[in-house]
2 protein chains.
Amino acid sequence: MNDLLALDNQICFSLYAANRAITARYRPLLAGLELTYPQYLVMLVLWERAQAGQATRVSDLGARLRLDSGTLTPLLKRLAMRGLVRRERSVEDERVVTLSLTRQGEELRELAERVPHKLLCGLNIAPERLLALRNELNALLSVIETPAGKEPSA
Amino acid sequence: MNDLLALDNQICFSLYAANRAITARYRPLLAGLELTYPQYLVMLVLWERAQAGQATRVSDLGARLRLDSGTLTPLLKRLAMRGLVRRERSVEDERVVTLSLTRQGEELRELAERVPHKLLCGLNIAPERLLALRNELNALLSVIETPAGKEPSA
DNA sequence: TTGAAATAAATTGTGCACAATTTAAATGTG
DNA sequence: CACATTTAAATTGTGCACAATTTATTTCAA
């Protein structure tokens, strides 16, 4: 029987295992920055937006990373406690919390710059292949996130 | 600058986001079985091995799913509490815990059989494309898990 | 055979994810 | 204005992941 239920036939398991394996590869590199992997992703967004001169609210982070305040609030508190990030209630709208980088948070970027290269070096896989995989994953992601019934805008 | 640090350029983020998005798609389907996604993966292995007449130890599960006892022990206790799984100390080697399915655990398989098909239907993506993606992910996984310096056996 | 080393699970502690609820502020409507 | 609705973040509670340690058992060697 062409067993749909077999572990090996489930795309889900490949994704699950590959994601954890990649994360495990990042871990020792990020240990040097004293960042967890999700913290690293948050910092990436903050660095990117700061460079573009954009202010960042908790909900902006959430939209970019697909995470809610239940995940982000405690994570951001930890980053703030470490002195990397400032969390301030917006003056125009008291519901909003605005995030900004401290000097220390900005400076950490320089260390972080070396992480992607180090990761690639340790991976022994053709970069084009990774790029292709990334594109496929992004395509899958956009299909998943498109509400059912929606055709791709022609 | 060809910014290696940009979120969009990080394979890691695509994997992270795609994995969570797929998991989120499984969640409502698995809710009918009252299983979480990792519990579902554990049951897949147990069903598979039971069918092959193989006994399963906690460490077998761990090797297959790349999870350690810190994750598996509490998860298995929950499955046992629900009456799906039996956990028994092996008689030959008291260090080992052997897992087996209860009648109820075996029966749950029938409900689970429908999950993969339902998932695919809701996904609106060509199955061949998913297959190709799965193969790429498995290749990536095996590269990551191959200790550095090892050439693929020629 | 006794004690050291190895092995299998369990335990402890931290940090995500995510559902569900709560709190507080802003917006919209009669 | 008053009050229902919406919105943004925080809070609460559950269940993974995973590092580090512990406990119990087995194996191996002197």
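Scope of the values below: all heavy atoms of this structure, side chains included, with no hydrogens, waters or symmetry mates. Naming: A, B, ... by sequence-line order, numbering from 1 per chain.
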- Is there side-chain contact between A:L137 and B:I11, with heavy atoms separated by less than 4.5 Å?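 Touching, per the 4.5 Å side-chain cut-off.
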
- Message: Any non-hydrogen side-chain atom of A:L72 less than 4.5 Å from a side-chain atom of A:V42?
- Response: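 SC-SC contact between A:L72 and A:V42 confirmed.
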
Establish, from distance only, whether the side-chain atoms of [X] and [Y] form a donor-acceptor pair under 3.5 Å.
X     : Y      : answer
B:R82 : B:Q104 : no
A:R49 : A:T56  : yes
B:S14 : A:R134 : no

- Query: With nearest nucleotides of DNA chain D determined for A:A24 and A:R87 from heavy-atom distances, which residue corresponds to the more 5′ nucleotide?
  - Reply: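 Final value for this comparison: A:R87.
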
- Within residues 66-84 of chain A, residues whose heavy atoms come under 4.0 Å of DNA chain D: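 Hits under 4.0 Å, by residue number: A:S69, A:G70, A:T73, A:K77.
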
- Message: Can you give me the closest heavy-atom contact between A:P28 and A:A24, atom names plus distance?
- Response: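 For A:P28 and A:A24, the tightest heavy-atom pair comes out as CD-O, 3.1 Å.
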
- Looking only at heavy atoms, what is the nearest atom pair of B:T98 and B:S90, with distance?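 Shortest heavy-atom separation between B:T98 and B:S90 comes out as OG1-CB, 3.9 Å.
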
- Please answer whether the main-chain N or O of B:A18 pairs with a side-chain N or O of A:R66 as donor and acceptor at a distance below 3.5 Å.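 Checking the backbone N and O of B:A18 against the side chain of A:R66, no donor-acceptor pair under 3.5 Å is found.
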
- Do any N or O atoms from the side chain of B:N138 and from the backbone of B:N135 form a donor-acceptor pair under 3.5 angstrom?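 Not confirmed, B:N138 side chain does not pair with B:N135 backbone.
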
Considering only nitrogen or oxygen atoms on both sides, find all protein atoms under 3.5 Å from nucleotides 26-29 of chain C and state each distance.
{"residue": "C:dA26", "atom": "OP1", "partner": "A:E94", "partner atom": "N", "Å": "3.2"}

- What is the 5' to 3' range of DNA chain D, first to last nucleotide, that sits under 4.0 Å from any heavy atom of chain B?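 Counting from the 5' end, contacts occupy D:dG15 to D:dT26.
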
- With rounding to the nearest 0.5 Å, note down the distance linking CD in A:Q39 to CZ in A:R78.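 Here the rounded value is 7.0 Å.
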
- Task: Would you kindly compare B:R57 and A:Q39 by the position of their nearest DNA chain C nucleotide and give the one closer to the 5′ end?
- Result: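 Looking at the nearest nucleotide for each, B:R57 comes out on the 5' side.
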
